[in-house]
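Right, one structure below, let's go through it.
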Amino acid sequence: MVAVVAAVFVLIVAATPDEPCTTETCGPEPLTSIGVSLLLATAVMSHLHRWSAAGAAVICATLWPIADRAENVRMGWLVALPLALLAITVALARLRFPVPADTAPRRQPPTPSFLPFPWVRGTALLVAALAGIGWTWNRQADVTAQEAVADAVPAVVREHRESVIGVDLTNGDSYYMEVLEPLDYPVGSRVEVLIDDAGLRQLSSEPYDITILFVPFVTLAGVGAALLARAVTRRRALLRFFSSPQPARPVHARTARDSVAVLIPDPPRTRHLTIALTADDTVPRRGAQAATLYGTPHPGQWCAVAIDHHIRAPTSPVKEVQVLPRGPSLPFSV
């Protein structure tokens with residue numbers, strides 16, 4: 001997904017016409033900025049919740065043609081690029097990995113007294129991001145309205161300094177102003193400066209533009225939405241898990257920090273042991289002890305551990321499964 005987004009950015013840079021601001025005013029393009037920001041948000045969200053990433057790709061594919069027409073970006077065929085991203089995102093969301101058949105006897109797992117629902121982090125990120133998006137939009141709109149009623153004063157370019165140019169106004173005042181490309185303004189060329197009593201000093205060819213801030217804010221909003229979607233999806237999966245019989249087997253469990261390592265002794269003839277690692281924030285750190293494992297120990301599947309007849313509700317699916325040989329060759333950590 002990251003490679004697809006990087007390829008889209010390269011195509012945008014290579015194929016979009018680069019007109020100097022002296023030919024066509026380089027005004028703010030908020031819709032285009034949000035559309036491009038959604039590319040990065042989709043890539044990040046795909047690692048957290050694939051279907052929410054597909055939703056972001058749908059918005060991106062819809063917004064690009066609208067932005068191209070409303071803001072005259074002249075993307076041309078580039079407006080179709082988010083459709084490729086959407087197709088890949090949906091394909092990844094529909095991807096399923098086979099789960100090995102589990103022949104262990106099934107039993108109804110005890111229902112835990114509390115099911116984790118980690119919604120706080122996603123909600124906090126989403127609220128903060130929406131606040132940043134709202135502030136950026138309002139600030140941009142306020143300055144754009146201020147520029148619309150400002151006086152356009154003629155000026156002459158006096159000098160270049162890295163990313164700024166020095167201009168002399170007809171009333172004798174002199175200013176330095178940041179520009180995208182100083183060489184677009186040759187020394188001696190005439191420009192217009194927008195001036196008002198509130199302190200506005202801006203080239204009319206390069207109005208105030210902070211829409212670049214949409215990139216981090218939109219990405220942060222996507223992360224928050226993906227975390228919330230993942231929390232809802234996982235809670236539903238846990239409800240289904242504890243409401244139906246699951247494969248049950250005797251194991252030994254060892255807790256460490258925020259996870260539980262479950263040692264599963266397979267039949268002696270197989271000559272190996274299986275270790276399943278699942279996240280569980282509610283288990284205190286203790287040594288290895290007899291337990292019962294409910295569920296299929298496979299990456300991405302849900303498992304719950306009952307220790308001393310007390311069920312521990314997991315906070316995430318199984319992260320990792322290792323198959324190790326029996327005997328003295330087992331790692332010290334086991």
Side-chain angles (χ1 to χ4, degrees), residues 41-59 89 92-97 99 106-133 217-248 251 253-262 276-286 291-321:
T42 301
V44 177
M45 294 169 68
S46 64
H47 294 282
L48 300 173
H49 190 265
R50 293 177 178 177
W51 281 114
S52 65
V58 170
I59 300 175
T89 307
L92 288 176
R94 293 173 59 88
L95 186 63
R96 295 292 182 270
F97 297 97
V99 179
R106 290 179 174 265
R107 296 209 311 264
Q108 182 79 24
T111 302
S113 58
F114 171 76
L115 287 180
F117 184 47
W119 57 272
V120 175
R121 184 173 56 174
T123 302
L125 287 177
L126 186 59
V127 170
L130 292 179
I133 292 173
F217 288 140
V218 170
T219 302
L220 194 65
V223 171
L227 288 175
L228 278 177
R230 187 174 70 175
V232 172
T233 301
R234 287 184 170 182
R235 185 173 179 83
R236 290 176 179 173
L238 278 179
L239 290 174
R240 290 193 300 267
F241 178 87
F242 286 106
S243 63
S244 59
Q246 301 294 333
V251 296
R254 181 181 180 88
T255 61
R257 295 184 181 178
D258 60 348
S259 63
V260 179
V262 181
L277 187 66
T278 180
D280 190 335
D281 291 331
T282 65
V283 182
R285 186 167 184 172
R286 298 175 62 182
T292 301
L293 177 69
Y294 293 92
T296 301
H298 185 75
Q301 298 299 304
W302 288 95
C303 287
V305 180
I307 303 175
D308 295 332
H309 305 288
H310 181 67
I311 194 72
R312 309 291 187 178
T315 58
S316 68
V318 174
K319 296 179 179 179
E320 181 184 1
V321 173

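In what follows, every heavy atom counts, from backbone to side chain, and hydrogens, waters and symmetry copies are set aside.
- Minimum interatomic distance between Thr292 and Ala248 (heavy atoms only, all atoms of both residues): CG2-CB, 4.4 Å.
- In this structure Ala93 satisfies the side-chain contact (heavy atoms from CB on, under 4.5 Å) test together with Arg50, Trp51, sequence neighbours excluded.
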Compile the donor-acceptor pairs under 3.5 Å between side chains in residues 113-123 and protein atoms, sequence neighbours left out, one pair per line.
| unit_1 | atom_1 | unit_2 | atom_2 | d |
| --- | --- | --- | --- | --- |
| Thr123 | OG1 | Trp119 | O | 2.8 |

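- For the pair Pro245/Gln108, a side-chain contact is recorded, criterion being any heavy-atom separation below 4.5 Å from C-beta on.
- Across all non-hydrogen atoms, the minimal contact from Pro299 to Val321 is CD-CG2, 3.7 Å.
- Heavy-atom minimum distance, Leu293 versus Cys303: CD1-CB, 3.7 Å.
- Residue Pro314 comes nearest to Phe242 through the heavy atom pair CD-CZ, 4.3 Å, listed as atom of the first residue, atom of the second, then distance.
- The line from CH2 of Trp302 to OG1 of Thr296 is 14.0 Å long, rounded to the nearest 0.5 Å.
- Separation of atoms CG (Leu238) and OG1 (Thr111) is listed at 11.5 Å; rounding is to 0.5 Å.
- For Arg106, there are no side chain to side chain donor-acceptor pair (under 3.5 Å) partners at least two apart in sequence or on another chain.
- For Thr89, the side-chain contact (heavy atoms from CB on, under 4.5 Å) partners two or more places apart in sequence, or in a different chain, are Met1, Thr42, Ala53, Ala54, Ala57, Leu85.
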Pairs of donor and acceptor atoms involving the side chains of residues 220-233, under 3.5 Å and at least two apart or interchain, shall be tabulated with distances.
| unit_1 | atom_1 | unit_2 | atom_2 | d |
| --- | --- | --- | --- | --- |
| Thr233 | OG1 | His49 | NE2 | 3.0 |
| Thr233 | OG1 | Ala229 | O | 2.9 |

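- You'll find the side chain of Tyr294 reaches within 4.5 Å of the side chain of Phe241, heavy atoms only.
- Residue pairs that meet the side chain to side chain donor-acceptor pair (under 3.5 Å) test with at least one member in residues 234-244, sequence neighbours left out, are Ser244-Gln246.
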